[in-house]
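Because only heavy atoms are used, hydrogens play no part in the values below, and waters and symmetry mates are left out as well, while side chains stay in.
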Amino acid sequence: MSRISRREFLKASGAAAATSLLSGCVTQPSVPSKPIGRVIVIGGGFGGATAAKYLRMWSEGTIEVFLIERNAEFISCPTSNLVLGGTRTLADITRSYAKLREYGVQVLRDEATAINVEKKRVSLKRIEDLPYDRLIVSPAVDFMHEQIEGYNAEAQKTILHAWKAGPETVTLRQQLEAMPDGGVYVVAIPRSPYRCPPGPYERACQVAFYFKQAKPRSKVIILDAN
């Protein structure tokens, strides 16, 4: 096989790409004016938002997608430990749903209260019921405070878990900042399985990182059930 120069290779590749692009423009099917179906996605976290985006992309806009989310913005929970460590702020890990709207996803700030599987309808808190052809339920998790002896929803107001990123994350950071140098921060890790196995260890490391810089006489104690 004869060798070709880099310049010749690039010229040939460019010509091939242009031919492919032009032919694609000619054969690309037109998007129908009427959607071929409607998908409702409940929950705008990582799972729900990703599903809504790619349904619009992969269907080339032929599927109507509604995303039901009660929060105005998305806050990344996995990166919230960085707020505790002081290298990020809550604003850094917060995103709007504007980009999803650019893909054609109809984002509704509302809350699903019931699902009628037989009639294929979702009941909402603020607006009338919505019919669907397919339904994706991705509402995240809730907390069962009563599973820990001595801990309840009232105690959680002062002893923060901050595992749902948001105002609690900011408050816990403020509590760390208010601690005296020489104070103790305790992290209790439950027995597996639990959601996000590395989460507590990441948090312990981030808090220790902050202490090393700002409160070198403070320490982190980990109570690990594993």
Engineer: With sequence neighbours left out, write down each residue that passes side chain to side chain donor-acceptor pair (under 3.5 Å) with R173, or none if nothing qualifies.
Structural biologist: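 With neighbours one apart ignored, the set is E177.
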Engineer: Take atom NZ of K120 as the centre, draw a 6.0 Å sphere, and report whether it contains more than 12 heavy atoms from other residues, nucleotides or ligands.
Structural biologist: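 Yes, the 6.0 Å shell around NZ holds more than 12 heavy atoms from other groups.
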Engineer: How would you list, by chain and number, every residue that makes a side chain to side chain donor-acceptor pair (under 3.5 Å) with R70, sequence neighbours excluded?
Structural biologist: E111
Engineer: Check whether any side-chain N or O of D110 sits under 3.5 Å from a backbone N or O of E69 as a donor-acceptor pair, and report yes or no.
Structural biologist: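 Checking the backbone N and O of E69 against the side chain of D110, no donor-acceptor pair under 3.5 Å is found.
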Engineer: Mind checking the CG-CG spacing from N116 to D129? Nearest 0.5 Å is all I need.
Structural biologist: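 One finds 8.5 Å between CG of N116 and CG of D129.
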Engineer: Tell me, which pairs form a side-chain hydrogen bond (donor to acceptor under 3.5 Å, both in side chains) where one or both residues lie in residues 99-108, sequence neighbours left out?
Structural biologist: E64-Q106
Engineer: Roughly how far apart are Y97 OH and K53 NZ, rounded to 0.5 Å?
Structural biologist: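 Y97 atom OH to K53 atom NZ measures 14.0 Å (nearest 0.5 Å).
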Engineer: List the residues meeting side chain to side chain donor-acceptor pair (under 3.5 Å) with S192, not counting sequence neighbours, and say none if there are none.
Structural biologist: N226
Engineer: Restricting to side chain to side chain contact (heavy atoms under 4.5 Å, CB included), what partner residues turn up for T79, sequence neighbours left out?
Structural biologist: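 T79 satisfies side chain to side chain contact (heavy atoms under 4.5 Å, CB included) with S76, L82, I93 once adjacent residues are dropped.
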Engineer: Could I get the full list of salt bridge (charged side-chain N to carboxylate O under 4.0 Å, His left out) partners for R217, not counting sequence neighbours?
Structural biologist: D181
Engineer: Using modelled atom types only, decide if a donor and an acceptor are shared between the side chain of Y194 and the backbone of P197 within a distance under 3.5 Å.
Structural biologist: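 It does hold such a pair.
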Engineer: List in chain and number order the residues that pass side chain to side chain contact (heavy atoms under 4.5 Å, CB included) with I222, two or more places apart in sequence or in another chain; answer none if no residue qualifies.
Structural biologist: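 Applying side chain to side chain contact (heavy atoms under 4.5 Å, CB included) to I222 gives I189, A204, V220, D224.
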Engineer: Inspect the surroundings of CZ in R126 and state if more than 12 heavy atoms from other residues, nucleotides or ligands are less than 6.0 Å away.
Structural biologist: yes
Engineer: Could you list the donor-acceptor pairs under 3.5 angstrom formed by side chains in residues 132-147, with sequence neighbours left out?
Structural biologist:
unit_1 : atom_1 : unit_2 : atom_2 : d
D133   : OD2    : R38    : N      : 2.7
S138   : OG     : G48    : N      : 3.4

Engineer: Checking S80 side chain against A165 main chain: does a donor-acceptor pair fall under 3.5 Å?
Structural biologist: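 Answer holds: no.
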Engineer: side-chain hydrogen bond (donor to acceptor under 3.5 Å, both in side chains) for R203 and N81? Distances and angles first, verdict last.
Structural biologist: CA-CA 5 Å; R203 175 167 295 184; N81 280 328; 3.0 Å; yes
Engineer: Should side-chain heavy atoms under 4.5 Å link Ile, Leu, Val, Met, Phe, Trp and Tyr, which residues sit in the same cluster as I148?
Structural biologist: Y151, I159
Engineer: If you compare all heavy atoms of I68 against all heavy atoms of A112, which two are closest, and at what distance to 0.1 Å?
Structural biologist: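 Heavy atoms only, the tightest pair is CG2-N, 4.1 Å.
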Engineer: List for me each residue that meets side chain to side chain contact (heavy atoms under 4.5 Å, CB included) alongside T50, sequence neighbours excluded, and say none if there are none.
Structural biologist: Y54
Engineer: Please name all residues satisfying side chain to side chain contact (heavy atoms under 4.5 Å, CB included) with K157, sequence neighbours left out, ordered by chain then number.
Structural biologist: E154
Engineer: Does S123 use its side chain to pair, donor to acceptor, with the backbone of T113 at less than 3.5 Å?
Structural biologist: no
Engineer: Where is the tightest heavy-atom contact between S59 and T62, given as atom of each residue plus distance?
Structural biologist: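 For S59 and T62, the tightest heavy-atom pair comes out as O-OG1, 2.6 Å.
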Engineer: Give, for atom CZ of F66 and atom CG of L130, the distance between the pair rounded to the nearest 0.5 Å.
Structural biologist: 6.0 Å
Engineer: Sequence neighbours excluded, which residues qualify as side chain to side chain donor-acceptor pair (under 3.5 Å) partners of D92?
Structural biologist: T89
